2 protein chains.
Amino acid sequence: MGRNRTKSGKIRLAEVAELAGVSPITASRFFRNPEALSVAKRTRVESAARELGYVPNLAARALASQRTEVIGVLIPSLTNNVFSDVLRGIYDASENSRYSIQLSNTRYSILQEEKLLRLFLAQKPAGLIVTGIDQTTESRAMLDAADCPIVQIMEIGPNPVDMMIGFSHYDAARAAIAHLFAQGHRKIGFVGARMDPRVQRRLDGYVSAMKDAGLFEQRLVVTTATPTSVTLGGALFTDLLAREPGMDAVFCANDDLALGVLFECRRREIAIPEQIAIVGFNDLEFMASAVPTLTSVRTNRYEMGNTAATMLIDAIDGRRPEHPVLDLGFKVIERQSSSPRRADNRPAVSGAGAANKMVALPSGHD
Amino acid sequence: MGRNRTKSGKIRLAEVAELAGVSPITASRFFRNPEALSVAKRTRVESAARELGYVPNLAARALASQRTEVIGVLIPSLTNNVFSDVLRGIYDASENSRYSIQLSNTRYSILQEEKLLRLFLAQKPAGLIVTGIDQTTESRAMLDAADCPIVQIMEIGPNPVDMMIGFSHYDAARAAIAHLFAQGHRKIGFVGARMDPRVQRRLDGYVSAMKDAGLFEQRLVVTTATPTSVTLGGALFTDLLAREPGMDAVFCANDDLALGVLFECRRREIAIPEQIAIVGFNDLEFMASAVPTLTSVRTNRYEMGNTAATMLIDAIDGRRPEHPVLDLGFKVIERQSSSPRRADNRPAVSGAGAANKMVALPSGHD
DNA sequence: GTCTGTGCTGGTAGCGCTGTCAACGTTCCT
DNA sequence: AGGAACGTTGACAGCGCTACCAGCACAGAC
């Protein structure tokens with residue numbers, strides 16, 4: 001018995017097999033495909049493993065089987081709370097599987113992404129989750145050649161590498177603008193930061209909606225490459241206001257910016273929504289509790305991460321999903337900051353948590 | 001040449017060695033300890049590896065060397081933005097090392113932590129980062145027995161397992177209350193959510209400061225086990241106000257709660273700081289840009305993660321730090337929400353980014 | 001000239017597990 | 001009854017790398 005023990009004192013599969021009275025390979029099978037064993041041996045191996053406190057050596061398994069049980073995840077930012085929700089979904093889904101998550105941060109650089117992709121692929125991951133649909137041609141070639149399932153998350157578009165889950169940022173922005181139109185707003189500004197591909201598509205959606213209505217003007221758009229923040233929202237709004245004092249609404253590319261605009265309005269004593277309406281994007285938790293409560297476009301971030309990881313794991317295990325491209329849609333959550341103008345300029349006292357009118361839309365593909 | 005190629009088409013060390021005209025073991029040494037090679041062989045192996053695009057097989061290395069290049073990280077939450085800053089620091093520090101991060105979420109459960117710890121330790125990590133100092137005795141025993149460097153982060157306390165980096169939440173809370181006392185406040189409420197050990201210590205600091213001043217009353221404290229949120233801040237503050245309408249300040253266990261209190265005050269038309277002062281904790285970005293700007297206790301979260309990972313990697317590589325326990329301290333950032341009462345009840349128009357008065361304190365050890 | 005020490009290099013023997021294939025016993029069909 | 005088909009089991013041979021130890025050449029000490 002002792003002779004089967006590792007030098008390091010760890011219990012090996014051989015020892016479990018010996019105690020169970022089976023060959024090592026049978027014990028090995030127990031951990032990979034228990035159904036293949038007879039019930040008698042299965043229970044024998046199981047109890048032997050438990051008795052000895054056996055923990056498989058993943059390195060040996062990876063070496064022998066020529067594959068790992070690692071899911072690589074490439075996201076552009078760890079700071080942005082949008083990704084923390086997605087990540088939580090991914091980790092939750094991976095928790096009860098035998099796969100572990102290997103996370104890397106591309107810092108919004110597709111070159112960095114390419115480099116990380118090369119690194120990941122060299123270790124033969126079981127699967128890969130990548131953000132967005134804008135990869136370098138080199139990255140794209142690597143992804144196409146990869147022999148593991150891949151999920152692209154955050155948005156949907158044509159030509160998926162493999163699986164895809166997200167929504168149309170373009171349509172979501174158009175829906176936000178349509179909502180503002182419906183409330184009677186016309187001079188609608190756009191405030192955006194970071195300007196990654198998804199924010200860019202929101203801008204595109206805004207531009208097209210405004211053009212469709214014959215209301216687009218370049219000076220209504222203020223953007224910057226700087227990372228987003230609440231403070232930045234106030235600063236960009238200040239710029240916008242200087243360019244176009246007659247503006248009656250602002251569409252913010254994310255909720256942090258929207259909060260910054262809210263505070264800046266308060267600082268300038270601009271009434272919301274009477275003088276200026278605000279719409280954010282993502283529907284972070286605080287939007288429902290701000291004063292006034294802030295309208296936003298709800299995106300299903302946790303669900304996105306969770307479903308992506310679940311789909312990926314299923315695909316790794318050979319259960320490919322029926323629909324490899326999944327549109328999670330979005331909802332425009334209408335709140336006080338964009339409600340129709342009223343005579344009473346004060347927000348309701350019990351504003352937080354008040355029933356939110358919702359407009360749900362699946363985003364159009366392509 | 002071809003015969004050294006893996007079935008999978010990957011280049012092995014043996015092939016690099018052959019091209020370089022050295023033995024495999026010499027090539028192996030090149031990657032682990034280049035200084036041990038003569039300059040001639042070093043350059044030969046280097047160029048051979050580059051020419052072939054060699055990428056080491058980590059599983060084989062781990063199996064043969066009986067150790068991994070994985071740093072395990074155990075944090076209680078992925079949602080809390082406090083941890084996203086810490087994580088960013090950790091990932092940044094690991095990026096240019098050969099170690100990779102394996103992250104797991106304990107969900108604020110020390111039992112879950114114990115389970116994960118067992119899992120991690122079984123894979124022989126190169127190092128471990130764990131959150132806080134409140135482990136189960138079983139966990140503590142495992143950590144003590146672990147044969148890898150360990151860093152405890154987020155707080156400091158007696159009996160470090162190995163290394164430790166953080167600050168005293170107790171002292172930080174006392175400093176916040178001292179600041180409020182200095183501004184003339186007396187009836188100071190406490191609002192806390194989640195009540196993990198660190199929040200509990202902030203509460204302890206609050207209680208002791210209030211007792212020292214002979215001002216403590218149990219009904220000034222409102223806490224809940226519910227996870228924190230902005231909305232919850234408003235709700236808890238509402239409770240507090242119902243219990244003690246005469247309150248003149250609130251110390252919030254974190255900034256989300258503080259923002260919720262701010263909005264609730266606005267909803268109730270309570271003037272800040274004239275009627276009630278607010279102090280938060282962590283100094284998230286939005287605190288400087290709220291209206292009025294919100295006082296908070298700044299904690300060095302990114303630096304904490306970054307330094308923890310750097311210390312850990314150094315220790316793994318045999319360079320143990322001079323001081324295994326590092327107190328990163330904190331700063332009370334005084335802003336409008338706790339400024340002395342003024343006749344003018346309106347906040348300054350250019351409030352955001354206005355010079356912040358700071359009170360820096362190292363937290364006392366133990 | 002012999003001995004010891006140092007710097008570099010290579011051979012051997014696994015690390016712990018799994019893929020492949022063959023073999024076994026049993027059942028079911030013709 | 002004979003044979004095919006199936007389910008179950010085990011032997012063998014590595015997966016790609018590194019720990020360990022031995023060996024070599026050379027330098028310096030006696």
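Below, chain A is the first sequence line, B the second, and so on; all start at residue 1. Since this is a predicted model, take the numbers as computed values, not measurements.
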Tell me the interatomic distance from [X], atom [atom1], to [N], atom [atom2], rounded to whole angstroms.
{"X": "Asn33(A)", "N": "dC17(C)", "atom1": "CG", "atom2": "P", "value": "18 Å"}
{"X": "Ile25(A)", "N": "dT20(C)", "atom1": "CD1", "atom2": "C1'", "value": "9 Å"}
{"X": "Gln123(B)", "N": "dC17(C)", "atom1": "CD", "atom2": "C1'", "value": "13 Å"}
{"X": "Arg67(B)", "N": "dA19(D)", "atom1": "CZ", "atom2": "P", "value": "6 Å"}
{"X": "Leu58(B)", "N": "dC17(D)", "atom1": "CG", "atom2": "C1'", "value": "11 Å"}
{"X": "Asn57(A)", "N": "dC17(C)", "atom1": "CG", "atom2": "C1'", "value": "8 Å"}
{"X": "Leu63(B)", "N": "dG14(D)", "atom1": "CG", "atom2": "P", "value": "17 Å"}
{"X": "Ile11(B)", "N": "dC17(D)", "atom1": "CD1", "atom2": "P", "value": "11 Å"}

Taking the side chain of [X] as its heavy atoms from C-beta onward, which of [options] lies nearest to it?
{"X": "Arg61(A)", "options": "dA19(D), dG19(C), dC17(C)", "answer": "dC17(C)"}
{"X": "Ser28(B)", "options": "dT18(D), dC15(C), dG19(C)", "answer": "dT18(D)"}
{"X": "Leu13(B)", "options": "dC15(D), dG19(C), dC17(D)", "answer": "dC17(D)"}

Check your understanding: Base, sugar-phosphate alone, or nothing: which one does Phe30(B) contact when heavy atoms must sit under 4.0 Å apart?
Key -> nothing
Does Phe31(A) reach a base, just sugar-phosphate, or nothing at all? Heavy atoms under 4.0 Å. nothing
So, with a heavy-atom separation below 4.0 Å from DNA chain C, the residues of residues 35-44 of chain B are Ala36(B), Leu37(B), Ser38(B), Lys41(B)
Polar contact flag, side-chain donor to acceptor under 3.5 angstrom, [X]-[Y]:
{"X": "Thr106(A)", "Y": "Gln112(A)", "answer": "no"}
{"X": "Ser38(A)", "Y": "Arg42(A)", "answer": "no"}
{"X": "Arg88(B)", "Y": "Thr79(A)", "answer": "yes"}
{"X": "Thr136(B)", "Y": "Arg140(B)", "answer": "no"}

| request: Supply the atom-to-atom distance Arg98(B) CZ to Ser94(B) OG, rounded to the nearest 0.5 angstrom. | output: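 Arg98(B) atom CZ to Ser94(B) atom OG measures 13.0 Å (nearest 0.5 Å).
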- Apply salt bridge (Lys or Arg N to Asp or Glu O under 4.0 Å) to Arg301(A) and list each qualifying residue two or more places apart in sequence or on a separate chain.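 Listed in chain order: Asp85(A).
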* Asked: For Val22(B) and Ala60(B), take the nucleotide of DNA chain C holding the closest heavy atom to each; which residue's nucleotide lies nearer the 5' end?
  ->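 The residue whose closest nucleotide sits nearer the 5' end is Val22(B).
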Quiz: residues 304-315 of chain A side-chain donor-acceptor pairs under 3.5 angstrom, not counting sequence neighbours:
| unit_1 | atom_1 | unit_2 | atom_2 | d |
| --- | --- | --- | --- | --- |
| Asn306(A) | ND2 | Gly89(A) | O | 2.8 |
| Thr307(A) | OG1 | Glu303(A) | O | 2.6 |
| Thr310(A) | OG1 | Asn306(A) | O | 2.7 |
| Asp314(A) | OD1 | Arg319(A) | NH2 | 2.6 |

Phosphate oxygens OP1/OP2 of [N]: is one of them under 4.0 Å from a side-chain N or O of [X]?
{"X": "Ser23(B)", "N": "dG10(C)", "answer": "yes"}
{"X": "Thr26(B)", "N": "dG10(C)", "answer": "yes"}
{"X": "Arg32(A)", "N": "dC17(C)", "answer": "no"}

- Message: With a 4.0 Å cut-off on N to O distance, would you call Arg118(A) and Glu138(A) a salt bridge?
- Response: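 Yes, charged N to carboxylate O under 4.0 Å.
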Quiz item: So, does the side chain of Arg29(B) form a donor-acceptor pair with the base of dG10(C) at under 3.5 Å?
Solution: yes
